[in-house]
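Report on one structure; see the data block that follows.
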Protein chains: 2
Amino acid sequence: METQDLKKVGLKATLPRLRILQLLEHSQQRHMTAEDIYKALLETRDDVGLATVYRVLTQFETAGLVVRHHFENGLSVFELNEGRHHDHLLCIKCGQVVEFLDNVIEKQQCTIAQEYGFDITDHCLYIYGICSNCQIKKS
Amino acid sequence: METQDLKKVGLKATLPRLRILQLLEHSQQRHMTAEDIYKALLETRDDVGLATVYRVLTQFETAGLVVRHHFENGLSVFELNEGRHHDHLLCIKCGQVVEFLDNVIEKQQCTIAQEYGFDITDHCLYIYGICSNCQIKKS
DNA sequence: TAATCAATTAATAATTTTTTTCATTATATC
DNA sequence: GATATAATGAAAAAAATTATTAATTGATTA
């Protein structure tokens, strides 16, 4: 149950936190902006302030429940952290997001970091393109 | 001369545009925020409004003179586009930025895009870590 | 189960980053 | 050099995010 997930990371199980966590778990979109979440909660009559959404998401991030990304439009999007790291492939037409993990790339990143004497802490790779669907319907 | 570079892409050679272009070409930092540029111009008494800086950078971006990045703090940074694509390695302590290009990774990205039926248009890879300098002085 | 207390929230204000508007000024062309 | 047009600066507006504060909620204890 979500209440336990929150307790585990030292956060009180409050209504806003539960709702946001549930939303991230069950929403169609895996990747949501703070605004997305705020609106979704309004629709289900769970009136949670936008400031609270931001605050909770930041708490979730530091607690490791959630991962924050900056896709190239400059907006922050959040996704549930389900343990397994992955990178992203994004359609610039429809916004579809595909997650993938590739060993060749993962390894090569370590090699590169080493080469430059860096102690790697994190990385993110975004590939932008046009998905097969959007290729068909010519704009 | 920079005047020609601007004309070539269909932009009038105005003072603000020349100054910003020159700054990007000759500054120590290759990667600057709009604010950075604004401040640098103030220091040299070239009074260019912040709004103009943003406007010009956006024009430069669409003209292909400049590339815009969103590093993981969410800020936009701009760098001169000198033709050769590259990825970035960033020190999270001192902010140092290293540019690199790796064929293994480049090729693998195409392979992945293909695999998912995407027609790849662009990509960016940011590796975050601690540079050798910052590793020595323990925080 | 009620009382207590610290943590959390909503609401609002404040910040930060970026974009727009519009009157004024500069640029390129003739 | 005069003129038409495009670009600028300043200020205001928008958009995104963070901080403040008084009031409420959830957890704990009696």
Side-chain angles (χ1 to χ4, degrees), chain A residues 1-23 31-63 65-78, chain B residues 1-23 31-63 65-78:
Chain A
M1 207 204 190
E2 287 90 0
T3 308
Q4 308 312 322
D5 298 334
L6 289 174
K7 294 253 178 87
K8 238 181 277 175
V9 297
L11 292 172
K12 271 192 190 173
T14 65
L15 220 78
R17 298 216 261 240
L18 283 171
R19 289 285 176 270
I20 293 174
L21 191 51
Q22 286 166 352
L23 189 58
H31 302 82
M32 304 181 83
T33 64
E35 194 75 29
D36 288 338
I37 292 172
Y38 175 66
K39 281 184 190 152
L41 290 176
L42 281 187
E43 275 173 22
T44 53
R45 278 203 199 67
D46 294 301
D47 261 314
V48 174
L50 182 54
T52 303
V53 173
Y54 274 105
R55 191 159 6 88
V56 168
L57 285 171
T58 307
Q59 291 164 342
F60 281 8
E61 191 192 9
T62 36
L65 289 177
V66 141
V67 181
R68 181 196 301 246
H69 293 284
H70 295 275
F71 292 157
E72 283 300 276
N73 52 33
L75 264 188
S76 292
V77 301
F78 298 84
Chain B
M1 207 201 190
E2 288 91 1
T3 307
Q4 309 312 322
D5 297 333
L6 289 174
K7 294 254 176 85
K8 236 180 280 174
V9 297
L11 293 172
K12 277 191 186 173
T14 65
L15 219 79
R17 298 215 261 241
L18 283 170
R19 289 283 176 271
I20 293 174
L21 191 51
Q22 287 166 352
L23 188 60
H31 302 83
M32 303 180 82
T33 64
E35 194 75 27
D36 288 339
I37 292 172
Y38 175 67
K39 281 185 189 151
L41 290 175
L42 281 188
E43 277 174 20
T44 54
R45 278 205 200 63
D46 294 301
D47 262 314
V48 174
L50 183 55
T52 303
V53 173
Y54 274 105
R55 206 174 12 216
V56 167
L57 286 171
T58 308
Q59 292 163 344
F60 282 6
E61 191 192 10
T62 36
L65 290 177
V66 141
V67 180
R68 182 196 301 247
H69 293 284
H70 297 274
F71 293 156
E72 283 300 276
N73 52 33
L75 265 187
S76 293
V77 301
F78 299 83

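Scope of the values below: all heavy atoms of this structure, side chains included, with no hydrogens, waters or symmetry mates. Lettering follows sequence order; numbering is per chain, from 1.
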H70(A) side-chain N/O to E72(B) backbone N/O, donor-acceptor pair under 3.5 Å = yes
Whole-Å distance separating the CG atom of L50(B) from the P atom of dA13(D) | 17 Å
Whichever of K7(B) and A51(B) has the more 5' nearest nucleotide on DNA chain C, that residue is A51(B)
For A34(A), which contact category applies under a 4.0 Å heavy-atom criterion: base, sugar-phosphate, or nothing?
-> nothing
Are any of T14(A)'s side-chain N or O atoms less than 4.0 Å away from OP1 or OP2 of dT9(C)?
-> yes
Rounded to the nearest Å, what distance is computed from the CD atom of residue E35(A) to the C1' atom of nucleotide dA14(D)?
-> 12 Å
Quick one: is dT19(C) close enough that its OP1 or OP2 comes under 4.0 Å of any side-chain N or O from Y54(B)?
-> no
Remember a base hit wins even if backbone is also touched, and classify S76(A) as base, sugar-phosphate or nothing at under 4.0 Å, heavy atoms.
-> sugar-phosphate
Would you find a donor on one side and an acceptor on the other, under 3.5 Å apart, between the side chain of R17(A) and the backbone of K12(A)?
-> yes
Side chains of D47(B) and L41(B): closer than 4.5 Å at any heavy-atom pair?
-> no
OH of Y38(A) versus P of dA15(D): gap in Å, rounded?
-> 15 Å
R19(A) atom CZ is separated from dT25(D) atom P, nearest whole Å, by 14 Å
d(CG, D47(A); P, dT24(D)) in whole Å | 16 Å
Phosphate OP1/OP2 of dT19(C): any R55(B) side-chain N/O under 4.0 Å | no
Give R17(A) one of three labels, base, sugar-phosphate or nothing, depending on what nucleic acid heavy atoms sit under 4.0 Å from its own.
-> sugar-phosphate
Length of the CG-C1' vector between L6(A) and dT25(D), whole Å = 15 Å
Ranking G49(A) and T3(B) by the position along DNA chain C of their nearest nucleotide, the one closer to 5' is G49(A)
Rounded to the nearest Å, what distance is computed from the CD atom of residue Q4(A) to the C1' atom of nucleotide dA27(D)?
-> 14 Å
Within the structure shown, what part of the strands sits under 4.0 Å from T52(A) by heavy-atom distance: base, sugar-phosphate, or nothing?
-> base
Of the listed dA10(C), dT17(D), dG26(D), the closest approach to the L15(A) side chain comes from dG26(D)
Side-chain donor or acceptor of T52(A) paired with backbone N/O of V48(A) under 3.5 Å = no
What is the nucleic acid contact for L75(B), judged by heavy atoms within less than 4.0 Å: base, sugar-phosphate only, or nothing?
-> sugar-phosphate
Expressed in angstrom and rounded to an integer, what is the separation of L42(B) atom CG from dA10(D) atom P?
-> 10 Å
Considering only heavy side-chain atoms of K12(A), the closest of dT8(D), dT18(D), dA27(D) is dA27(D)
Check the pair R68(A), F78(A) against side chain to side chain contact (heavy atoms under 4.5 Å, CB included), reporting the backbone distance first and the verdict last.
-> CA-CA 5 Å; R68(A) 181 196 301 246; F78(A) 298 84; 3.8 Å; yes
